[in-house]
Amino acid sequence: MDSSIENTGFVFSKESLRKKFRWSEFLSEKIITGVAFLSITIIILIFFFVFRETLPIFKQKKETVTIESVQKQEQYGGAETSEQTNASGQEQYGVISKDTMMIENRVMTEDTVVHGSDEATVKSLMGKEWLPVSDRPRYGLIPLLVGTMKITLLAILFAAPIAILAALFSAAFATHWMREIIKPAIELLAGFPSVVIGFFALMVMASFFQNIFGYDIRLNAFVGGMAMALAAIPIIFTITEDALTAVPHSYTEASLALGASRWQTALFVTLPAATPGIFAAILLGIGRIFGETMIALMATGNAAMISANPFESVRTLAATIGAEMAEVVFGDTHYSVLFLIGSLLFVFTFCLNALAEFYVKGRLVKRFQGK
Amino acid sequence: MKQTKIQIRDLTLFYGEKMALNSISMDISEKEVTAFIGPSGCGKSTFLRTLNRMNDLIPHVKITGEVLVDSVYIYDKQIDVVNLRKKVGMVFQKSNPFTKSIYENVAYGPRINGLNNRKKLDEIVETSLQKAFIWEEVKDRLHDSAMGLSGGQQQRMCIARALAVNPEIILMDEPASALDPISTAKIEELIFELKKNYTIVIVTHNMQQAARVSDITAFFYLGELIEHGKTKKIFTTPDKKQTEDYITGRFG
Amino acid sequence: MRIKNRITGLLFIGTTAFSAFLIIAVIILLLVIIIIGGKETFSWKFLTSFPEDGMMKGGIFPAIYGTALLVVMMSIAAVPFGTITAIYLTEYASETSFLAQTIRFAVRTLATVPSIIFGLFGLGFFIKFVGGGMDNVFLGGQLKWGQPNILWASLTMSLLTLPVVIVSVEEAIRAVPREMREASLALGGTKWETIRRIVIPGSRSGIMTGTILAVSRGAGEVAPILFTGAAYYLATLPTSLSDQFMNLGYHIYIMSTQSANVDQTLPIQFATTLVLLMLTFMLNLTAVVIRSRLRRKAK
């Protein structure tokens, strides 16, 4: 016939059609599956590892006490983590230094024991004082929990109504060109790195609010909450808007056909119908705030105290990790407690997300099916 | 007397619980055009796809019965599906060119067979495009994107692409249904020419096309093969009443 | 009665409109203030020179360099990994297989983990466990790898951005029409050949989108690198994997909270923030444009 790829005279036969083992197929499938498997292994490793590092809290260790005292003597300079400081700071871990340090501080060890254990037992975690770096370290998580909740509450109180109303406006009342401005603006806000929002809060918002309210402490829960609200608004807005536009047209049409005006339809029909989605949006907003570190570090004042006054400084869980992790000794109690805080954060955000997802999928579908 | 190329024996196909093909048996002879006709959804395309095992791609499909090509059981576990598809080519209802150049589209088949010699590829591309009656129209823009061709040109290019792997059988699933009359005529002319060298099986819901183009016609209804025989006979003096009803347009 | 209704309605709509425009106003305000605060200092020289005078003057080139190096290394780890995982999920895994569902669940969960947790993991696992282990095995206990450095920081970041890559690439792969895959298979193409020659080239834009979004996040996130490798003042640029690095976001954080003379460095702070904002904005914009073109093509 013509110069063809196969030999002319090729005949359909069982031989020619016999299953061929192709190396590239075999390898590519194995490698791709392997990599995917590796992904999941690493992800599970993360979860596992974070929890694992908290275990020492629940055991008693004499060594930790010793090293703890060593820690006390070294005062780390604040932020000047130049290479030099780092090197000398790290040298502690070297074999020789450890021995020397331990000898020096044996006296301290006994002292510490006499004055009361610094081990973070479950009981002490419930304490009201968070003083991990002191003569008698205390690891009470309550101030941190209170601080986190204060911030979250303040943030949501402002972010949720504003975001939801704005989403309602965008979904129900805005003209096309208005939406073309609003949606990209929200996406823009969503794209701001949190350190930028923190900076804005620290430099601009703090002074602004101080001028308005006239309080003493410049960086406090209120300022932090407002800043967090900025971070949470895009999330709440986007999900609420999705939920509102997902309400079937038949609902809104029915309402309008009965003579209700557009705003009445929006408020009394569309909004209630989207409640599961709005609920989920708020949950996810809360989750974001809970885990947000940079804004907390920069705008909340970082004082671990318990108070109901929104104009006093707070310390959140995430900020605690961020602030203290760099200066903690590997394996000691403080280290383990910080990992515990991390685990708590992780579990909490996980539950929030699971709840939001479950709630939206389950309830939303059922509602529209009339159950 | 033409040799039998494909034999189908009691082929039954289930999509999950639903039976799509019910005990089909027929022979298809080489180097002639066999047309499958019947109302929509009666299983013609499904049946066509069993001949090159494209139904393997669909989950929950169960097939019983036998399909033999050149006396080889193609559903045997030992059979290499990839090689089978090089021998039994397919052209789809809606042309599906790759988002590559015309040249690369047609050269795709030979390339995956390991052929990388530029000259040989040039030869094959030209020959295939000629056989598909489209060479003259594209010879000056071989390296332009195939997506820039018209619908009819794309379909002829897809035919050229299928020819480039040197199949023995070409399956066509309603190849001209999405095309205008002029393109359709070109494709029919093409089929006429191709049948000299290839065994062609074509599914069409256009009866007149089947009458024009095919040597043998098979009429399907609700997953069953109702009647099959020489085209002339089917369209003038069919045996079964159902066939007659369909041909005369009593239902469709 | 109708008038009362009317007024209530207008008030209500007005409130919603007010909320929307309040948000926009704050965004604009933020941008304007940052731009005003930083535009004096912002210049080509600022971007390309080193800090001087103990950070009081000069430019932020090392921070830009460090950030760039970080995201490049992060992408080298995250993009191939994420792409291959996405290929597995779409092409090889059956929808209901245990492995596929577990991976999907894990990816979704990973996407919701607060960024500081990655930092914890980076410290405890990469630095102490892997790095420390490497020191013990290869260097006899000498401290080299068991410390914060750019290698561990970029690996930490790659975990953070892995879900973004996977989701984007998956979307792009699914956008490749089924008909094209069928065409390839009908020509005698194998599964892998189809993936290699048709699917992957066809999802190029999705891979790009995923990469750009990952880079954008990697450039802006600070929490994971707080204690895995970022530093405030380094005399030299990082030249080896075990070096630390400077970073735009980290720089802003430290400078604004802990620098010796906040007032004097204020212009630099604003300018650095401006640089970071511009960077993330351009990256996100590019990704959005590519993504919308992808979605239009899929229709």
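Chain A is the first sequence line, chain B the second, and so forth, proteins listed ahead of strands; every chain is numbered from 1. Side chains included, hydrogens not; waters and symmetry mates left out as well; all remaining heavy atoms used.
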Which atoms of A:L230 approach chain C - backbone, side chain, both or neither, heavy atom under 4.5 Å: side chain
Chain C contact via A:R262 - side chain, backbone, both or neither, heavy atoms under 4.5 Å: neither
Any pair counted as salt bridge (charged side-chain N to carboxylate O under 4.0 Å, His left out), so long as it reaches residues 25-52 of chain A, sequence neighbours left out: none
Contacting moiety of A:V35, where chain C heavy atoms sit under 4.5 Å: both
Chain A contact via C:L31 - side chain, backbone, both or neither, heavy atoms under 4.5 Å: side chain
Chain C contacts, top residue of A:F350, A:F199, A:F173 (heavy-atom pairs, under 4.5 Å): A:F199
Separation of A:L202 CG from C:I252 CD1 (nearest 0.5 Å): 11.5 Å
Reported CD1-to-CD distance for the pair C:I116 and A:E292, which is rounded to 0.5 angstrom: 9.5 Å
Which of C:T8, C:I28, C:I34 touches chain A most, by non-hydrogen pairs under 4.5 Å: C:T8
Rounded distance (nearest 0.5 Å) linking atom CD1 of A:I42 with atom CZ of C:F121: 7.5 Å
Closest contact, heavy atoms only, A:Y335 versus C:G124: OH-CA, 3.5 Å
For chain A, the option from C:G220, C:S19, C:A223 that forms the most heavy-atom pairs under 4.5 Å: C:S19
Minimal non-hydrogen separation, A:F339 against C:L120, with atom names: CZ-O, 3.5 Å
Partner chain C: residue of A:F290, A:F237, A:F192, A:F346 with the largest heavy-atom pair count (under 4.5 Å): A:F192
Contacting region of A:M325 [heavy-atom separation from chain C under 4.5 Å]: both
Ring centroid separation A:F37 to C:Y88 under 6.0 Å: no
Among the listed options A:V196, A:L352, A:I46, A:L219, the residue most often paired with chain C at heavy-atom distances under 4.5 Å: A:I46
A:T33, part contacting chain C, at a heavy-atom distance under 4.5 Å: both
Heavy-atom check, side chain of A:F48 versus side chain of C:F125, under 4.5 Å: no
Engaged part of A:I233 at the chain C interface, taking heavy atoms whose separation is under 4.5 Å: side chain
Contacting moiety of C:L266, where chain A heavy atoms sit under 4.5 Å: side chain
Candidate pair A:F169 and C:F21, rule side chain to side chain contact (heavy atoms under 4.5 Å, CB included), full reasoning: CA-CA 10 Å; A:F169 177 72; C:F21 290 110; 4.0 Å; yes
Heavy-atom pairs under 4.5 Å with chain C, option from A:G291, A:A185, A:S39 with the top count: A:S39
Smallest separation among heavy atoms of A:A166 and C:I23, with atom names: CB-CD1, 3.8 Å
C:E193, part contacting chain A, at a heavy-atom distance under 4.5 Å: backbone
A:I43 side, atom CD1; C:T102 side, atom OG1 - distance, nearest 0.5 Å: 10.5 Å
Steps toward side chain to side chain contact (heavy atoms under 4.5 Å, CB included) verdict (C:W192, A:I32): CA-CA 10 Å; C:W192 171 240; A:I32 290 179; 3.7 Å; yes
OH (C:Y92) with more than 12 external heavy atoms under 6.0 Å: yes
Atom group of C:I84 that falls short of 4.5 Å from chain A, counting heavy atoms: both
Heavy-atom neighbours of A:K183 NZ exceed 12 at 6.0 Å: no
Contacting moiety of C:L30, where chain A heavy atoms sit under 4.5 Å: both
Rounded distance [0.5 Å steps], NZ in C:K191 versus OG in A:S28: 9.5 Å
Within-4.5 Å side-chain heavy-atom neighbours: A:L38 and C:T85: no
Considering all heavy atoms, the nearest A:G342-C:I117 contact: O-CD1, 3.1 Å
A:S261 OG to C:F12 CZ distance, which is reported to the nearest 0.5 Å: 10.0 Å
Contacting moiety of C:I103, where chain A heavy atoms sit under 4.5 Å: both
Contact winner vs chain A - C:T257, C:V222, C:L162, heavy-atom pairs under 4.5 Å: C:V222
C:L159 portion near chain A, given a 4.5 angstrom heavy-atom threshold: side chain
With a cut-off of 3.5 Å and sequence neighbours excluded, list every side-chain donor-acceptor pair involving residues 105-115 of chain C.
residue, atom, partner, partner atom, Å
C:R108, NE, A:E357, OE1, 3.3
C:T109, OG1, C:F105, O, 2.7
C:T112, OG1, C:T109, O, 2.7
C:S115, OG, C:E221, OE1, 3.2

Proximal component of A:M203, with respect to chain C [non-hydrogen, under 4.5 Å]: side chain
Crowding at CD, A:E324 (>12 non-hydrogen neighbours, <6.0 Å): yes
Proximity breakdown for A:L45 and chain C, heavy-atom pairs closer than 4.5 Å: both
When C:L277, C:N284, C:I87 are compared by non-hydrogen pairs under 4.5 Å with chain A, the top option: C:L277
A:W263 vs C:T16, side chain to side chain contact (heavy atoms under 4.5 Å, CB included): CA-CA, chis, key distance, verdict: CA-CA 10 Å; A:W263 74 267; C:T16 59; over 6 Å; no
Pairs of heavy atoms under 4.5 Å with chain C: top-ranked of A:V204, A:L267, A:I182: A:L267
